[in-house]
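Please read the structure below before turning to the comments.
Chain A is the first sequence line, chain B the second, and so forth, proteins listed ahead of strands; every chain is numbered from 1.
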2 protein chains.
Amino acid sequence: MPSRRDTIADDLRHQISTGHFKAGERLPSEAQLASRYTVSTPTLRSALALLQGEGLVEKIHGRGNFVCRPLRKITYTGGCREAPTWATPSAPLHMTARTTNLEAYGHLAALLDVPPRSPLRLTEVVYITHEGKSPHSLARIYVPHDLAPADSPVLDEIAVRLADLRPPLAEVQERLSARLPTQEEATVLRIATSLAVLSLTRVATDVTGRVVEAALLVLPGDRADALFTTRLTTGERSSKE
Amino acid sequence: MPSRRDTIADDLRHQISTGHFKAGERLPSEAQLASRYTVSTPTLRSALALLQGEGLVEKIHGRGNFVCRPLRKITYTGGCREAPTWATPSAPLHMTARTTNLEAYGHLAALLDVPPRSPLRLTEVVYITHEGKSPHSLARIYVPHDLAPADSPVLDEIAVRLADLRPPLAEVQERLSARLPTQEEATVLRIATSLAVLSLTRVATDVTGRVVEAALLVLPGDRADALFTTRLTTGERSSKE
DNA sequence: GAGTGGTCTAGACCACGAG
DNA sequence: TCGTGGTCTAGACCACTCA
């Protein structure tokens, strides 16, 4: 037996998909919707929470519930040969970056494969990609301090300098998981805490085995995915590794 | 200002991590916890919902709330050269499989790169991996009917026959996203609908460009991640593609 | 200040599980 | 049958946004 929450969510979903409520439009207030469906406000709100989790509706405190505009999908391309690339359909993304220095500790030390409490100095680059007002991704990149001059605010510059400074990369490892965002991530990405995020940890190792870059990326689940393409060469096809 | 929900969730989280509530143990009833924290039951339940979303607590209707046992992590290994491999620390996973035949339609047709309403016959293999009573993954694999005899209930057999029948693989594409599970997926995987899942779509193409396998995998976010390792050969390092 | 969503209460009734 | 969680009500009060 379907709950009222699900019934209402289904109905609203249908009205959105048929264009009865259009993208960007404000929904009737929760009180109006509650009386229309003859339910209490908590029940109606739980129905809206479902749509919010699907990325169909955005709640803005003090203003109302809004139908989300169809989102430009972004695709993180993995297994990258050079710099990470963001494939977006003709999107000149804005990017804000912040660079600080810190020391490897705890989780970071493990990522960078150095002893805990290591005195290794790191450059941390935090950046957020935007499309208009909607953030697309949150990235934290850690590079050993000697490989990255800390005064470079532009990501591209860092990539270029890295390519010059460091030995050639030997291996890139990317680990992905799905989870709910932390409060901080939800705030920064302007998503609901009930919307899943794709969490990606990338570790790049050079030919000497040293970790030269560790990156933590958080992508909103409703507008981002990650793509990995493996081409098999003739040699790999005929023989096992 | 932290909400009561968050305060209670933090406290419970702390009590679980310090072993005050032990793994597998039942928590006090929601009514008891509500009176202990002097909140109403809905408020207490919303706090529990947070822990549930983190995979720390499992609710069982009519029995109570239980602290989850530390979960054996499973790692999906991507970019696979041969059959997909599941790296689990010495886990003889049980696997239940169901094989049916159907026709390519809609979403499936797009995946398999054939025209919609194509008469292409498919073999669908649905399987769930288990560890004890807890399901680990839900997979739906689609193979053109002529490549896969439908009467093979054992996955390994299918893999072997496929290796014999089909031309060598040329490319494997894996697309990952994070989202909340559907009601059906939550039921099958025995997870809360508020727990994120990692959704993986894998498409394998042979040297002729034909799609020989499409797989849809759903992994619970609290116990599964996906790992992609890219080794760069000398050639790839020195020259761009 | 008017209208919105955010949070919370103190119950009610139903469905499930175990003895 | 009894205790559990699942759902829902009909309000209350607060915080935020905008005119």
Side-chain angles (χ1 to χ4, degrees), chain A residues 1-12 21 24-53 55-68 133 180-181 183-184 186-187 190-195, chain B residues 1-12 21 24-53 55-68 133 180-181 183-184 186-187 190-195:
Chain A
M1 184 197 198
S3 64
R4 302 201 196 196
R5 177 185 59 218
D6 293 328
T7 310
I8 294 170
D10 284 346
D11 188 60
L12 289 174
F21 292 130
E25 205 173 289
R26 213 207 74 182
L27 295 179
S29 75
E30 300 188 348
Q32 286 174 319
L33 287 173
S35 73
R36 176 184 303 182
Y37 289 110
T38 61
V39 293
S40 65
T41 45
T43 302
L44 184 106
R45 283 172 56 75
S46 81
L48 285 178
L50 291 181
L51 303 183
Q52 212 185 349
L56 283 177
V57 164
E58 181 186 12
K59 321 193 69 146
I60 304 181
H61 192 160
R63 297 223 294 138
N65 292 278
F66 294 81
V67 179
C68 285
K133 285 187 179 177
L180 297 184
Q183 189 63 55
E184 189 202 351
T187 306
R190 304 217 308 137
I191 58 175
T193 50
S194 60
L195 181 72
Chain B
M1 185 197 199
S3 65
R4 303 200 196 197
R5 176 185 61 220
D6 293 328
T7 310
I8 294 170
D10 284 346
D11 187 61
L12 289 174
F21 292 131
E25 205 172 291
R26 213 206 74 180
L27 295 180
S29 76
E30 300 189 348
Q32 286 174 318
L33 286 173
S35 73
R36 176 185 302 183
Y37 289 109
T38 61
V39 293
S40 65
T41 44
T43 302
L44 183 106
R45 283 172 56 75
S46 81
L48 285 178
L50 291 181
L51 303 182
Q52 212 185 348
L56 284 176
V57 164
E58 181 187 12
K59 321 195 69 149
I60 305 181
H61 193 159
R63 296 223 295 139
N65 292 280
F66 294 82
V67 179
C68 286
K133 285 186 177 178
L180 297 184
Q183 189 62 56
E184 189 202 349
T187 305
R190 303 219 308 138
I191 57 176
T193 50
S194 60
L195 181 71

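Atom CD in A:Q183 sits roughly 13 Å away from atom C1' in C:dG6 (whole-Å rounding). Here C:dT7 presents its P atom at 9 Å from NZ of A:K59, a figure rounded to the nearest Å. Atom pair A:L44:CG and C:dG5:C1' shows a separation of 11 Å (rounding to whole Å applied). In this structure, CG of A:L27 is placed 9 Å from P of C:dG5, rounded to the nearest angstrom. Regarding B:Q32, its CD atom lies at a distance of 13 Å from the C1' atom of D:dG5, rounded to whole Å. Between B:L50 atom CG and C:dG6 atom P there is a gap of 15 Å when expressed in whole angstrom units. B:F66 places its CZ atom 11 Å from the P atom of D:dT4, with the value rounded to the nearest Å. In this entry the distance linking CG of B:L48 with C1' of D:dT7 reads 16 Å, nearest Å.
Not one side-chain nitrogen or oxygen of B:R63 sits closer than 4.0 Å to the OP1 or OP2 atom of D:dG5. Regarding contacts with the backbone of D:dT4, every side-chain N or O of B:N65 stays at 4.0 angstrom or more from both OP1 and OP2. The side chain of B:T43 places an N or O atom within less than 4.0 Å of a non-bridging phosphate oxygen (OP1 or OP2) of C:dT9.
Although no hydrogens or angles enter the test, the distance criterion places no donor-acceptor pair under 3.5 Å between the side chain of B:T38 and the main chain of B:S35.
Summary of the strand contacts: A:I60 and A:R5 both lie near DNA chain D, and taking for each the nucleotide with the nearest heavy atom, the more 5' one is attributed to A:R5. Comparing A:T41 and A:G62 by the nucleotide of DNA chain C whose heavy atom lies nearest to each, the residue mapping closer to the 5' end is A:G62.
A side chain to side chain contact (heavy atoms under 4.5 Å, CB included) with A:I191 is found for exactly one of A:L195, A:T187, A:T193, namely A:L195. Each of B:L12, B:V57, B:L56 was checked for a side chain to side chain contact (heavy atoms under 4.5 Å, CB included) with B:F21, and the lone residue meeting it is B:L12.
For A:S40, counting side-chain heavy atoms from C-beta on, the closest listed nucleotide (D:dC8, C:dG11, D:dG6) is D:dC8. In this structure, of C:dA10, D:dG5, D:dG11, it is D:dG5 that holds the atom nearest to the side chain of B:R45. In this structure, of D:dG5, D:dC8, C:dG5, it is C:dG5 that holds the atom nearest to the side chain of A:E30. Of the candidate nucleotides C:dT7, D:dG6, C:dG6, D:dG6 has the atom lying nearest to any side-chain atom of B:H61.
A:S35 comes within contact range of no nucleotide atom at all, as no heavy-atom separation falls under 4.0 Å. Residue A:S46 is classed as having no contact, given no heavy-atom separation below 4.0 Å to the nucleic acid. Nucleic acid contact for A:R4: sugar-phosphate only, since backbone atoms but no base atoms lie under 4.0 Å from a heavy atom of the residue.
Across B:L44 and B:A34, no two heavy atoms sit closer than the pair CD1-N, 3.7 Å. Annotation for B:A192 and B:P181: closest pair O-CG, 3.8 Å, computed over non-hydrogen atoms.
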